[in-house]
Structures are given as C-alpha cells and as structure tokens.
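To start, the structure itself, in structure tokens.
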Amino acid sequence: MNTTLHMFPYQGNDMKSPSQCTQRTISLQSPLGKIQVSGCENGVHTIQILMDVPPAERSVDASLSCVVTVSNGQEEMGPELQHCVEWLQAYFSEPWTVGRLPLPVFHHPTLHGDAFTSRVLHTLVRDVKLGETVSYKRLAEMAGNPRAVRAVGGAMRRNPVPLLIPCHRVISSSGQSGMYMGGKGNHLKQWLLTHEKVKEED
C-alpha cells in the first residue's frame, strides 16, 4: 500500500516555520455562518467554522454564496489566502467544480512530517472525493494501519483546515454520520454531506 508522505501542497524547506509567520485572518460569511481563514504568505494555517448562526436552509431559490466580510484588502490577502477564499466560494456555490480546482498551499505543522495524523489527512483528501464517505475503520486501512481506528478519530479532531480536508466525510461503520467538531457541529456535518450530493444542472 502506498503511504507516501509530504504530498500536501506545501512550500519548500527554506521558508519560515509556521511559528515564525506573520498571519492574517479573513472572515467570510458562508451558508454555515461565519468562517475565519488564517494564513501567511506561505500558505493557509487554519480554518475555523464559528457556528454563530444555524446553517442556511436548502431550497431552489436559496443563495449559497460565500463572501469576504473582513480583510485588509485583496492586495494584502496574499495569493494562497486568496486561493483559499476562491476555493471556498466555489465549494458553496458550485460544489461539483471543486474536484477540478487545486487546493491552496497548507502551512500548518500538523500536515507535514511522518506522523500518522498527517498520513491520515493526506489519504482522506486524496482518496475520498466529493459526494463520497468513508468509515473510520476503512480510512485507517487506507492509511496503512487497520488497527488505528481511534487514532483516525484523533486525526479528524486535529484537522486544522476543515472543508479543504473533508473530515466531515468520515462516518461510523454503522452508516451513522457520527460526530463533528466535538459533537457541537453534527448538524453541520449532515448539511455538508447533503450539500455535496448536489449535481450540476444540465
């Protein structure tokens, strides 16, 4: 089984470590409520879903836009943060298009190195596509350690960039959607799974 590491989009070794970065935070208003994206000139560090409002109701006429509400201006955003914003906007408005879009560069230590968490998250984003789900057990097998089901759950909790790395697609073996964001975001997980079933209009 191929468990090649270091395959996240990541800048070279000559850049600053994440702890030395000057980060900017952008706020977006999305169908899930406010989302904050933090990053630096080297890449995206974190995404936080603040759960400040209930998720938008789905209907034919509903707008599922995602707009920047707070930033220092597009010229100050940096290319990778801008890339992340554009990816999120596409995900919410036309989810079927994101499979053709490259991910922004990530710059968070959890996503790099030889740790099992990094391997699990890479396997998830590489192999579990939009509209698909995978069980914790199966993801452990895919990542090369069938006995590490609990560790897979821990990796999902440590995911610094939800949505981009789709931990909401990991469900229990029984078919139940399972917990999301420590149980506080279970309703968001179901919303996201339903959202990803939307097909491009003919």
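Along the sequence shown, residues carry numbers from 1.
Side-chain N or O atoms of T69 include one that pairs as donor or acceptor with a backbone N or O of S27 at under 3.5 Å. Between the side chain of K137 and the backbone N or O of V134 there is no donor-acceptor pair closer than 3.5 Å.
Sorted by first and then second residue, the side-chain hydrogen bond (donor to acceptor under 3.5 Å, both in side chains) pairs involving residues 155-164 (not counting sequence neighbours) are T117-R158.
The line from CD of E132 to CG of L193 is 12.0 Å long, rounded to the nearest 0.5 Å. The structure places CZ of R119 at 7.5 Å from CG of N145, a figure rounded to the nearest 0.5 Å. For the atom pair L88 CG and L164 CG, the distance stands at 5.5 Å (nearest 0.5 Å). A distance of 7.5 Å separates CG in D127 from NE2 in H122, rounded to the nearest 0.5 Å.
Using a 4.0 Å cut-off between a side-chain N of Lys or Arg and a carboxylate O of Asp or Glu, R138 and E141 qualify as a salt bridge. In this structure, R24 does not pair ionically with E41, as no charged nitrogen and carboxylate oxygen lie closer than 4.0 Å.
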Criterion side-chain contact (heavy atoms from CB on, under 4.5 Å) on I26 and V68, from CA distance to verdict: CA-CA 7 Å; I26 300 164; V68 176; 3.8 Å; yes
What's the verdict on side-chain contact (heavy atoms from CB on, under 4.5 Å) for T22 and C40, showing C-alpha distance, side-chain angles and the deciding distance? CA-CA 6 Å; T22 300; C40 66; 5.9 Å; no
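Contact check for V125 versus P166: side-chain heavy atoms found under the 4.5 Å cut-off. Side-chain atoms of P55 and P31, non-hydrogen and from C-beta on, never get closer than 4.5 Å to each other. Side-chain contact between V37 and V85 is absent, with no heavy-atom pair separated by less than 4.5 Å. With contacts defined as side-chain heavy-atom distances shorter than 4.5 Å, the pair L111/P160 qualifies. Using a 4.5 Å heavy-atom threshold, the side chains of I49 and L188 count as touching. I47 places a side-chain heavy atom less than 4.5 Å from the side chain of C84. Taking the side chain as every heavy atom from C-beta outward, F116 and L121 never approach each other to under 4.5 Å. Between Y180 and H187, the closest side-chain pair of non-hydrogen atoms is not below 4.5 Å.
Crowding of K129 atom NZ: a count of heavy atoms from other residues, nucleotides or ligands under 6.0 Å exceeding 12. No more than 12 heavy atoms of other residues, nucleotides or ligands sit less than 6.0 Å from atom CE of M179.
Of all heavy-atom pairs spanning A140 and V149, the tightest one is CB-N, 4.1 Å. Summarising the geometry of M156 relative to C167, their closest heavy-atom pair is SD-CB, 3.5 Å, with the distance given to 0.1 Å. Looking at every heavy atom in both residues, G33 comes nearest to D52 through CA-OD1, 3.4 Å. Of all heavy-atom pairs between M142 and T123, the closest is CB-CG2, 3.7 Å. Between W87 and L163, the shortest heavy-atom distance links the atoms CH2-O, 3.6 Å. Heavy atoms only, all atoms of each residue included: H108 and T46 are closest at CD2-CG2, 3.9 Å.
Following chains of ILVMFWY side-chain contacts shorter than 4.5 Å, one can reach L130 starting from I165, so the two form part of one hydrophobic cluster. Clustering ILVMFWY residues whenever any of their side-chain heavy atoms sit less than 4.5 angstrom apart, transitively, puts L103 in the very cluster that holds L81. Note: the hydrophobic cluster containing L139 also contains M181 (ILVMFWY, side chain heavy atoms under 4.5 Å, direct or indirect links). The same ILVMFWY cluster, assembled from side-chain heavy atoms under 4.5 Å apart, contains both V44 and F92. Hydrophobic cluster membership differs between V67 and V98, with clusters built from Ile, Leu, Val, Met, Phe, Trp and Tyr side chains linked at under 4.5 angstrom.
Judged by distance alone, the side chains of S65 and S93 never bring a donor and an acceptor atom under 3.5 Å apart.
The side-chain contact (heavy atoms from CB on, under 4.5 Å) check on L50 picks up K34, Q36, Q48, with sequence neighbours excluded.
For H107 and H45, the ring centers are positioned less than 6.0 Å apart. Ring centroids of W191 and H195 are separated by less than 6.0 Å, placing the two rings close together.
Considering K189, E196, Q190 in turn, E196 is the only one that fulfils the side-chain hydrogen bond (donor to acceptor under 3.5 Å, both in side chains) rule with H168.
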